[in-house]
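A short write-up of the structure that comes next.
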Amino acid sequence: MKKSFPLRKVIGQSYIWIVLLLMYLPILLLVFYSFSNTTLIGGRYVFSFNLYSDLFQNKAIMVAIGNTLLIAIISAAVATLLGTLGAIGVFYSKSKFKKIINFATQIPIVNAEIVIAFSLTVMFVFLGTYIFKDDIFGFWTLIIGHVSLSLPFVYISVRPKLQQMDPSLYEAAIDLGATPRQALTKITVPEIAPGVFSGFLLSITLSLDDFIITSFTRGAGLLNGDSEIETLSTFIQAAIKKKNIPPEMRALTTFIFIAVIVAVIAVTIYRSRHSNVKKIRKGRD
Amino acid sequence: MFAKINKAPKIKRPHVLLFQRKMLSIPYVLFLLLFVIGPILIIVLYAFTDQNMNLSFDALVNFFTTPSKLNVLWVSLFVALQTTLICLLIGYPLAYFLADKRINKNIVLITLFIAPMWINFVLRTWATRDLLSWMGIDGGSYPYLATLIGMVQNYLPFVILPLYTTFLKLDRSQIEAAADLGANPRQVFVKSILPQSVPGIVSATLMTFMPTMSSYVISDVFSEGKITLFGNFINLEFNNKLWNDGSLMALIMLILIGISMFLTRNTSKENAKGANL
């Protein structure tokens, strides 16, 4: 057993790194070709920063980035507020009600994105035809779409924090004369803050990544003014369809790649600190 | 009477408090009713009515009598099955190696395997398609192969994560005991490692199978429109504003997802029972 151990480690490590390389290869290729102004990947490589200056002059891409960020922040803020309040409210409700809501929360999580998008669209069409007598697709339908995607994830990241919370803390605050509102903002909210924060981050990434719901529920508005809202996803999808992707998108890929690497580093630091804190606490016990 | 009055101050305050905190869930519950339950009821309504809102089974009859529509169902099931199997074949040993402390002690690696999910999905799809067409596997000549590679590339992180969490909880002493008692590596795998990892396999399958069936961007981009999956078809109905037929397709997808959740719920329960024995 022990003799074969180093060989096993070599095989395991190389397998891990090969798959990792294959997963990142497409993105790395785009990043590599972002420093060349050839129109096609595989063309003659001439080093240049042209694509980077082109990127900031491409108004359509800048509008799409702006829209994507605005939608992400607004929908994540709405989802975080509703989801956190919902989790607190449901946590202190009767168990039958709790069960029903927990089940309803699971529906959008397991549901296919295209079913969510299509059913919301049909409902907006229905409301537009029979109630508003007008086309209601626009900024708000899009926000509703994004919120319905991320809301359950906020709920399920806040819920465990409520379960871990010491219920006597809230009672103690009330007994010591705090109003329910004070007890909520000074006791409950700080206790569940990590869950709220991870729910918010999750909502942001879900919204940034979304294509299907955006393309179904959007209408005119935001930075596009009177024309249909374009996000990064819908912009790239339209470009792929037209077989005409602006090469400066490669420069944008570099920025996104750097952001992801920064996020990976942040997560790693957070995790190692977190485990250190745990170790220290364990040592004290 | 007296007893009640004596009790009153004790009950009164917590009762008011509970009432207040419960109220916080109202916006959430309203949102769920309006934008989660509401749309589902609407597609049920649309699936069984015609354009004038009269009861009609046209969409249903249409689906089961049109060979091209049924064909979409079979093709989707087949592509989803293949994607899931390939993802499991690649992801299973990978997750095992990642979770084995003797092979990998680097915690950054698992984050690196999840990180591609943070890159915009359409951008990733475009990048992979560019690489494939540069390698000569473009949608024009190899639509099926290109779609399959695109699917695996996209869903692999979703397989690695649940398997990795299962392998972290693996009872390594049982494996060692099996080896010490004379089981060969194959027996150790079949009798100890595999049964222990069933929950991971089940959730990995859930994370890939249904999403593959219902995806449409990946098949659309990689096959250049040559392969139509369930998701593509729903999108087509959306583009043509065929709300009734589309609603039925969406409803069928929803029912399939419901069935898969129900079936796997039972499997994982049985598995938990087995583990107790």
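In the text below, chain A, chain B and the rest are named by the order of the sequence lines, each starting its count at 1.
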Step by step, would you call A:T105 with B:Y28 a side-chain hydrogen bond (donor to acceptor under 3.5 Å, both in side chains)? CA-CA 10 Å; A:T105 304; B:Y28 182 76; 2.9 Å; yes
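- No more than 12 heavy atoms of other residues, nucleotides or ligands sit less than 6.0 Å from atom CH2 of B:W134.
- Interface check for chain B: of the options A:V19, A:V115, A:L184, A:L20, the most heavy-atom pairs under 4.5 Å are formed by A:L20.
- With a 4.5 Å cut-off on side-chain heavy atoms, B:W118 and A:I256 do not count as touching.
- Annotation: side chain of B:V108 is not in contact with side chain of A:R271 (no heavy-atom distance under 4.5 Å).
- Interface remark: B:P93 contributes backbone and side-chain atoms alike to the contact with chain A (heavy atom separation under 4.5 Å).
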Given side chain to side chain contact (heavy atoms under 4.5 Å, CB included), test A:K9 with B:F97 step by step and report yes or no. CA-CA 9 Å; A:K9 185 166 178 171; B:F97 292 145; over 6 Å; no
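- Within the 4.5 Å cutoff, no side-chain heavy atoms of B:P211 are placed close to those of A:E113.
- Interface residue B:M53: only side-chain heavy atoms are found under 4.5 Å from chain A.
- One distance of note links OG1 of A:T205 with CD1 of B:I119; it measures 13.0 Å at 0.5 Å rounding.
- Among the candidates B:L109, B:L156, B:D130, the residue making the largest number of heavy-atom pairs closer than 4.5 Å to chain A is B:L109.
- The choice from A:I265, A:I212, A:T84 that makes the most heavy-atom pairs within less than 4.5 Å of chain B is A:I212.
- When B:M253, B:M117, B:Q153 are compared by the number of non-hydrogen pairs under 4.5 Å with chain A, B:Q153 comes out ahead.
- Of the atoms belonging to B:L45, it is side-chain heavy atoms, and not backbone ones, that fall under 4.5 Å from chain A.
- Using cut-offs of 30° and 60° for the angle between ring planes, the B:Y216 and A:F211 rings count as tilted.
- Contact detail for B:I37 and A:A104: the closest heavy-atom pair is CD1-CB, 4.4 Å.
- Heavy-atom minimum distance, A:A112 versus B:I257: N-CD1, 3.4 Å.
- Heavy-atom distances place both the backbone and the side chain of A:S215 under 4.5 Å from chain B.
- A 4.5 Å side-chain heavy-atom check between B:L41 and A:M123 finds every atom pair outside the cut-off.
- Put simply, of B:I40, B:N235, B:N239, the one with the most heavy-atom pairs under 4.5 Å next to chain A is B:N235.
- With a 4.5 Å cut-off on non-hydrogen atoms, A:L30 touches chain B through its side chain but not through its backbone.
- Contacts between B:Y46 and chain A at a heavy-atom distance below 4.5 Å involve the side chain alone, from C-beta outward.
- A salt bridge links A:D209 with B:R124: the closest approach of a Lys/Arg side-chain nitrogen to an acidic carboxylate oxygen falls below 4.0 angstrom.
- Partner B:L112 forms a side chain to side chain contact (heavy atoms under 4.5 Å, CB included) with one of A:I16, A:V264, A:V267 and no other, that one being A:V264.
- Side chains of B:W243 and A:T121 form a contact here, defined as non-hydrogen atoms less than 4.5 Å apart.
- Using a 4.5 Å cut-off between heavy atoms, B:L131 contacts chain A through both its backbone and its side chain.
- You'll find the side chain of A:M249 reaches within 4.5 Å of the side chain of B:L123, heavy atoms only.
- No side-chain heavy atom of B:K22 sits under 4.5 Å from any side-chain heavy atom of A:F91.
- Interatomic distance, A:L206 CG to B:F121 CZ, rounded to the nearest 0.5 Å: 13.0 Å.
- The ring of A:F118 has its center no closer than 6.0 angstrom to the ring center of B:F238.
- Neither the backbone nor the side chain of A:L252 has a heavy atom closer than 4.5 Å to any heavy atom of chain B.
- Interface remark: B:Y96 contributes side-chain atoms only to the contact with chain A (heavy atom separation under 4.5 Å).
- Atom CZ of A:F103 has 12 or fewer heavy atoms from other residues, nucleotides or ligands within 6.0 Å.
- Panel note: side chain A:Y15, backbone B:I90; a donor-acceptor pair is recorded below 3.5 Å.
- Note: B:L32 CG to A:I107 CD1 = 8.5 Å, rounded to the nearest 0.5 Å.
- Look at B:E224 and A:K241 and you find no salt bridge, because none of the NZ, NE, NH1 or NH2 atoms lies under 4.0 Å from a carboxylate O.
- Rounded to the nearest 0.5 Å, atoms CD1 (A:I114) and CE (B:M249) are 9.5 Å apart.
- The OG1 atom of B:T128 sits 10.5 Å away from the CG atom of A:L29 when rounded to the nearest 0.5 Å.
- In this structure the side chain of A:R8 reaches within 4.5 angstrom of the side chain of B:D100, judged on heavy atoms.
- Shortest non-hydrogen contact noted between A:I27 and B:A127 is CD1-CB, 4.0 Å.
- B:S25 and A:Y92 share no donor-acceptor pair across their side chains, judged by distance under 3.5 Å alone.
- When atom types are taken as modelled, the side chain of A:N111 and the backbone of B:L254 share no donor-acceptor pair closer than 3.5 angstrom.
- Across A:T268, A:L28, A:T188, the residue that shares the most heavy-atom pairs under 4.5 angstrom with chain B is A:T268.
- How far CD1 of B:I107 is from OG of A:S272: 6.0 Å, rounded to the nearest 0.5 Å.
- Between chain B and the residues A:L208, A:V110, A:T234, the largest count of heavy-atom pairs under 4.5 Å involves A:V110.
- Taking the six-membered ring for Trp and thresholds of 30 and 60 degrees, B:F35 and A:F124 have ring planes inclined between 30 and 60 degrees apart.
- In terms of non-hydrogen atom pairs under 4.5 Å with chain B, the most contact-rich of A:I116, A:I11, A:V147 is A:V147.
- At least one donor-acceptor pair closer than 3.5 Å links the side chain of A:Q13 to the backbone N or O of B:I103.
- Highest contact tally toward chain B, considering only A:I88, A:T253, A:I144, is held by A:I144 [criterion: heavy-atom pairs under 4.5 Å].
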